[in-house]
There are 2 protein chains.
Amino acid sequence: MKLDDAAARLEALGNPTRLKIYRSLVRAGAEGMAVGRLQAKLDIAASTLSHHLKSLVVVGLVTQTREGTTLVCHANYPLMRDLLGYMVEECCAEGSCAPVVLPKVA
Amino acid sequence: MKLDDAAARLEALGNPTRLKIYRSLVRAGAEGMAVGRLQAKLDIAASTLSHHLKSLVVVGLVTQTREGTTLVCHANYPLMRDLLGYMVEECCAEGSCAPVVLPKVA
DNA sequence: AAGGTATTTCTAAATTTCTGGAAATACAGT
DNA sequence: ACTGTATTTCCAGAAATTTAGAAATACCTT
């Protein structure tokens with residue numbers, strides 16, 4: 001991962017509302033969560049949520065799949081893993097925040 | 001760590017210039033790096049650098065110690081560890097980005 | 001095609017961020 | 001006290017973000 005990409009992803013997560021969105025999607029697990037349910041849960045305007053979701057989708061942290069009229073959102077776990085891996089590799093010193101072990105996905 | 005604090009720290013790192021600053025400080029290791037050297041290395045205006053450093057200091061990711069007229073900056077490793085720990089705990093699902101092992105500092 | 005639900009896009013206003021020149025401050029040495 | 005180096009603060013402008021109402025679009029059902 002390039003530094004600029006990492007920064008863009010950190011920026012996407014660096015907003016309380018978007019971090020809540022992302023966390024909700026992580027907790028929703030593999031089945032994900034529809035935009036509408038996300039909106040009810042977080043109690044924000046639909047257009048506002050849509051903008052925030054777009055920010056997360058653009059940087060790849062969230063993916064969306066249509067199911068009829070509803071759009072289901074999913075946290076992109078592998079990308080988060082890569083991002084955390086980048087942070088550990090580039091922004092941690094041995095013996096302080098590292099060693100952080102990031103095992104390969106089976 | 002609270003969600004709002006995590007978001008604030010991610011936002012601080014979510015800017016290419018600030019991420020470069022932080023990475024430089026990590027690589028500088030325990031002795032840290034003076035603001036002046038950082039400025040020469042990154043080739044940005046002194047006032048711009050000062051603003052970015054302040055952002056990092058405010059959220060606790062960077063600490064500063066005076067040595068005569070020069071200000072030496074240090075990456076706050078334990079806080080980065082906490083931040084990564086938060087991300088793993090709150091924003092990772094078992095078996096996907098987790099398991100990420102964050103051993104305690106000795 | 002008509003109607004209903006889900007979501008996005010348009011538009012806009014308030015706020016914040018980013019940048020850096022200029023001036024001010026901090027500290028050391030003479 | 002004066003000079004010089006290091007850094008911050010003041011100021012300002014351009015650009016981007018955040019928010020959300022209103023209108024538009026997408027899709028399903030009948």
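A note on names: the letters A, B, ... follow the listed sequences, proteins ahead of strands, and every chain is numbered from 1.
Residues A:Met80 and A:Leu13 meet the side-chain proximity criterion, which asks for heavy atoms closer than 4.5 Å. Side-chain contact between B:Arg81 and B:Leu84 is absent, with no heavy atoms from C-beta onward closer than 4.5 Å.
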Self-check item: A:Leu83 and A:Met1: CA distance, side-chain angles, deciding distance, side-chain contact (heavy atoms from CB on, under 4.5 Å) verdict
Solution: CA-CA 8 Å; A:Leu83 179 56; A:Met1 190 179 301; 4.0 Å; yes

Practice problem: For B:Arg9 and B:Leu79, run side-chain contact (heavy atoms from CB on, under 4.5 Å): C-alpha distance rounded to whole Å, both residues' side-chain angles, the deciding distance at 0.1 Å, then the answer. | Solution: CA-CA 10 Å; B:Arg9 283 155 188 161; B:Leu79 189 56; 3.7 Å; yes

Practice problem: For side-chain contact (heavy atoms from CB on, under 4.5 Å), just list the numbers for B:Cys92 and B:Met87, CA-CA rounded to whole Å, side-chain angles, deciding distance to a tenth of an Å, and then say yes or no. | Solution: CA-CA 7 Å; B:Cys92 276; B:Met87 294 308 289; 5.9 Å; no

Quiz prompt | Chi angles and distances behind the side-chain contact (heavy atoms from CB on, under 4.5 Å) call for B:Lys41, B:Met33 | solution = CA-CA 10 Å; B:Lys41 185 174 153 69; B:Met33 189 178 254; 3.8 Å; yes

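In this structure, the side chain of A:Tyr77 engages the main chain of A:Val26 through a donor-acceptor pair within 3.5 Å. The backbone N or O of A:Lys20 sits less than 3.5 Å from a side-chain atom of A:Ser24, completing a donor-acceptor pair.
The shortest heavy-atom contact between B:Cys73 and B:Leu25 is O-CD2, 3.6 Å.
Counting 5' to 3', DNA chain C first comes under 4.0 angstrom of a heavy atom of chain B and last does so at the ends given by C:dC18 to C:dA28.
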Exercise. Can you run through DNA chain D from 5' to 3' and write each base as (, ), [, ], | or . depending on how it pairs? Watson-Crick or G-U wobble, both distances under 3.5 Å.
Key: ||||||||||||||||||||||||||||||

Could you tabulate the donor-acceptor pairs under 3.5 Å formed by side-chain atoms of residues 62-72 of chain B, not counting sequence neighbours?
{"from": "B:Thr65", "atom 1": "OG1", "to": "B:His74", "atom 2": "NE2", "distance (Å)": "3.2"}
{"from": "B:Arg66", "atom 1": "NH1", "to": "B:Gly68", "atom 2": "O", "distance (Å)": "3.4"}
{"from": "B:Arg66", "atom 1": "NH1", "to": "B:Thr69", "atom 2": "O", "distance (Å)": "3.1"}
{"from": "B:Thr70", "atom 1": "OG1", "to": "B:Glu67", "atom 2": "O", "distance (Å)": "3.2"}

Would you be so kind as to tabulate the donor-acceptor pairs closer than 3.5 Å made by side chains of residues 50-61 of chain B, with sequence neighbours excluded?
{"from": "B:His52", "atom 1": "ND1", "to": "B:Arg18", "atom 2": "NH1", "distance (Å)": "3.0"}
{"from": "B:Ser55", "atom 1": "OG", "to": "B:His51", "atom 2": "O", "distance (Å)": "3.2"}

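Distance check: B:Ile44 CD1 to B:Leu49 CG gives 4.5 Å after rounding to the nearest 0.5 Å.
Contacts of B:Gln64 with the nucleic acid, taken as non-hydrogen atoms under 4.0 Å apart, involve only primed sugar atoms and P, OP1 or OP2.
Near-neighbour residues of DNA chain D inside residues 33-54 of chain A, defined by a heavy atom below 4.0 Å, number-ordered: A:Ala45, A:Ser47, A:Thr48, A:His51, A:His52. Listed by residue number, the members of residues 10-24 of chain A with any heavy atom below 4.0 angstrom from DNA chain D are A:Asn15, A:Arg18.
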